[in-house]
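Keep in mind that the numbers below use all heavy atoms, side chains included, and drop hydrogens, waters and symmetry copies. Each chain gets a letter, A, B and so on, in the order its sequence line appears, and its residues count up from 1.
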Amino acid sequence: MSRVWRKEYNEDMYHLNELNPVQREAAEYKDGPILILAGAGSGKTRVLTYRIAHLIAQGIEPWNILALTFTNRAAKEMKERVGTLLGSEGQGLWVSTFHSSCVRILRREISALNGYSRSFVIYDSSDQMTLIKECLKELDIDDKKIAPRAVLSAISDAKNKLKTVENFDAQAGDYFQDIVSKAYKIYQKKLFNNNALDFDDIIMLTVRVFREFPDVLKHYQERFKYILVDEYQDTNHAQYILVKLLAGLYRNLCVVGDDDQSVYGWRGADVQNILDFERDYPETKLLKLEQNYRSTGKILKAANTVVCQNANRKDKVLWTENSEGEDIEIYKASNEHDEARFVSNKIRDLSDAEGRPYNDFAILYRTNAQSRVIEEQFMKVGIPYRIYSGQKFYERMEVKDILAYLKLVYNSAESVSFTRVVNIPKRGIGKGSLEKVFEYAEEQGLKVFDALAEVEHIPGLQTKAKRSLESFYNLVVEFKAKAEEGIAVTDLTDKILADTGYITMLRTEGTIEANARLENLNEFLSLTSEYDKNFEAYLEDTEIKEEQNMVILGGFLEQVSLVADIDNYDEVEDAVKLMTMHSAKGLEFPIVFAVGMEDGIFPSSRNTLDDLHLEEERRLCYVAITRAKEKLYLSHACQRMVYGHIQDSLASRFLEELPEGILLKIESKALSSNFASAGTSYQNKKWLDNGSEIVKLGSVKFTVGDKVEHMTFGRGIVMAVSGEGKQAEITVVFSGEIKKLIAEYAKMLKI
DNA sequence: CGCTGATGACCCCAG
DNA sequence: GTCATCAGCG
């Protein structure tokens, strides 16, 4: 398609007129660094996609543009939206996560680094855990005194700050750091010997290649003349440097972020990167997107009021043209079961009265453990739901097992997968025998798997173990041969599951759990066949080298490692969504319930000690509130079971920070000790049908769709409301009869 | 070698 | 309360 044709085309072919003036300026500002501070719901993805379309319309080649995101979800969404604007004109554009972009680069360039090979595998967090435990064992460190998790997170932290083993060692101060330093060294050596990278290596090594090989860097600088970064407030130091290097030549860097939504400090994100952007790039164009298109006025007011309590933030105030909306309801529950009942009753009511689909609701909580009670309640009353956190598909035992087999087939140098599956299903190869194999391999300078070829020479093995190891070896060699012939991943997986006896093992077990595992394996097989169907497109896309053996299998494994959630977010499914506040970031829902608003839970007790952490929790609260479009419910329980113990808890301090006048506070009936005093005034005391009571009312507000009970007319539904406050005229349908009532005089309850 | 019961740790989580 | 890990025994 020619540029000339494009220019002759309607000036607004990319619908720039659909943007507000600031959005449009952000989308059209072409050269040089630009920082877009985009408040929640201000249309930031829209701006990014229009910007990409606009660059291409200006004659920039799509392959000169790189858009970086954190999540696959964000990358996918942006790709789709760019696709809608551009159709096939976007060919060659890179819209991908930091990690997939870096893997693509490393698959080409990693061999520049001494000893690294292009056919590396990627270790996930449980592989990392296995490896670090081995390291601590070698160092003779009791993992009860030093938690492997802590060591791992210290190493990850170091890598995120681009600290090498040597850097770390040089500045290790105390006993713990000293241990981490030693562990880091061994850990890194093990990764290297296994031809494996962990997730942090993916970024760190890309930076290393760029720093050590300026010509390689130059190549990518020339290629990516225009760079866009989404959620810039979530970048860690390594990602910050990566972007800085890539944009170093042309400086056409557009970053979008919201310091108020920085909630990933604990995994290395550094808000300072966004706060300092203007210092790094003095010629920066700064734009603020402050108009919110998502939420009602009251929801926005609540969000603003809370986040304004933070001292360390860029000054901005979100506003909206949307209607004020309904009050924010705060429910005080007696315990977590009461809270769950409140949520399910509300959903039932709104679904009955307003015909709300289940899809409209989301339940947000601070920790995954809180989902259980709500899940149980939903099951009990038959509300369809879907949990969007918790265990990932690829982390399930059976899936990890089959993946370990595949990884071993792909890269037999890899010892973590070897150790995992050598005795699965049970082959009578115990810890003792395995140690002997490892010992022998070490002595002979062999990879463990290759040592099995000489099983006869391994001293101290029992005949039974020897035979088992031998047949295991032959089995895997056979799989390898098939893979090298280019067998489809589905067929290979099938063969492994059958020949190793894995399927038989689960069938024999026959428990409900085993059946669930079999189902998961079926699910896995449908993923492989999906991949087999279009692996050619995938390989082309990731630029995996053709000359490599087992390209097909390698491509599959890479896809699996980089796409963490196949439990993909499905907007169409009609089910209530349950997720943590963290995973809700970037999403929106008509009706949001934020549950467990209790001090100690939210803010989490470990983050209440210092302002830095407390402010991050408060930002999380801001994120949670701003997910809601129309209606927000906040609930807290006076007592809650935590780790098997009943705990008394106070309402979250964040609830205290909410502005008066837009709140409707409701208390569980189970809490009022004195029932007699509950009937003081018919107008001011309200009973909800789940046994809850409104104890504090600004003015009683009725909205279209409210179910009501009138003293004389009985039950009805509000059809229309005109006017405001006490004088409002409310139209209600009672069984067949339509009545117009004035709010002030209507002897009527919301039910 | 592999099962069983006691013991203690337990947040948020992309890739 | 629930999961993972480990010592100790058949």
In whole angstrom, give the distance that lies between atom NE2 of A:H582 and atom P of B:dA14.
-> 10 Å
Between B:dC1 (C1') and A:K436 (NZ): distance, integer Å = 12 Å
For A:D127, which of A:K133, A:K190, A:K400 qualifies under salt bridge (Lys or Arg N to Asp or Glu O under 4.0 Å)?
-> A:K400
Among residues 424-434 of chain A, which residues get a heavy atom nearer than 4.0 Å to DNA chain B?
-> A:K426, A:G428, A:I429, A:G430, A:K431, A:G432, A:S433
Could you check whether A:N236 gets within reach of a base, just the sugar-phosphate, or nothing at all, counting any heavy atom under 4.0 Å?
-> nothing
Sub-3.5 Å pairs of nitrogen or oxygen atoms, protein against nucleotides 9-11 of chain B:
unit_1 : atom_1 : unit_2 : atom_2 : d
B:dC11 : N3     : A:R606 : NE     : 3.3
B:dC11 : N4     : A:R606 : NE     : 2.4
B:dC11 : N4     : A:R606 : NH2    : 2.9

Listed partners of A:H636 passing ring-ring contact (aromatic ring centres under 6.0 Å, His included), at least two apart | none
Over how many whole Å does the gap from A:R619 atom CZ to B:dC12 atom C1' extend?
-> 14 Å
Figure out the CZ/P separation between A:R420 and C:dA4, and round it to whole Å.
-> 11 Å
For A:D124, report the nucleic acid contact type (base, sugar-phosphate, nothing); a contact means any heavy atom under 4.0 Å.
-> nothing
Can you check whether A:K585 has a side-chain N or O nearer than 4.0 Å to OP1 or OP2 of B:dC13?
-> no
Is the number of heavy atoms from other residues, nucleotides or ligands under 6.0 Å of A:E509 CD greater than 12?
-> yes
note: A:E435, atom CD; B:dC1, atom C1'; distance rounded to Å ~ 14 Å
Please state how far atom OH in A:Y388 lies from atom P in B:dC12, giving the value in whole angstrom units.
-> 19 Å
Report the C-alpha distance between A:Q128 and A:Y187 in whole Å, list the side-chain angles of each, state the deciding distance to 0.1 Å, and finish with yes or no for side-chain hydrogen bond (donor to acceptor under 3.5 Å, both in side chains).
-> CA-CA 9 Å; A:Q128 286 180 280; A:Y187 174 78; 3.1 Å; yes
A:A465 vs A:T97, nearer the 5' end of DNA chain B by closest nucleotide | A:A465
Using side-chain hydrogen bond (donor to acceptor under 3.5 Å, both in side chains) as the criterion, list what pairs up with A:T206, not counting sequence neighbours.
-> none
Tell me the salt bridge (Lys or Arg N to Asp or Glu O under 4.0 Å) pairs involving residues 618-628 of chain A, sequence neighbours left out?
-> A:E616-A:R619, A:R618-A:E657
Rounded to the Å, how far apart are A:N423 CG and B:dC3 P?
-> 10 Å
Decide if atom CG of A:L113 counts as having more than 12 heavy atoms of other residues, nucleotides or ligands within a radius under 6.0 Å.
-> yes
Considering only B:dG15, B:dC12, C:dT5, which nucleotide approaches the side chain of A:K133 most closely?
-> C:dT5
Measure the distance from CE on A:M581 to C1' on B:dC12 and round it to the nearest whole Å.
-> 11 Å
Should we count CD of A:E376 as having more than 12 external heavy atoms under 6.0 Å?
-> yes
Is A:F70 stacked on the base of B:dA14 when the test is centres under 5.5 angstrom and planes under 30 degrees?
-> no
Could you pull out all residues at least two apart from A:T235 that satisfy side-chain hydrogen bond (donor to acceptor under 3.5 Å, both in side chains)?
-> A:N273
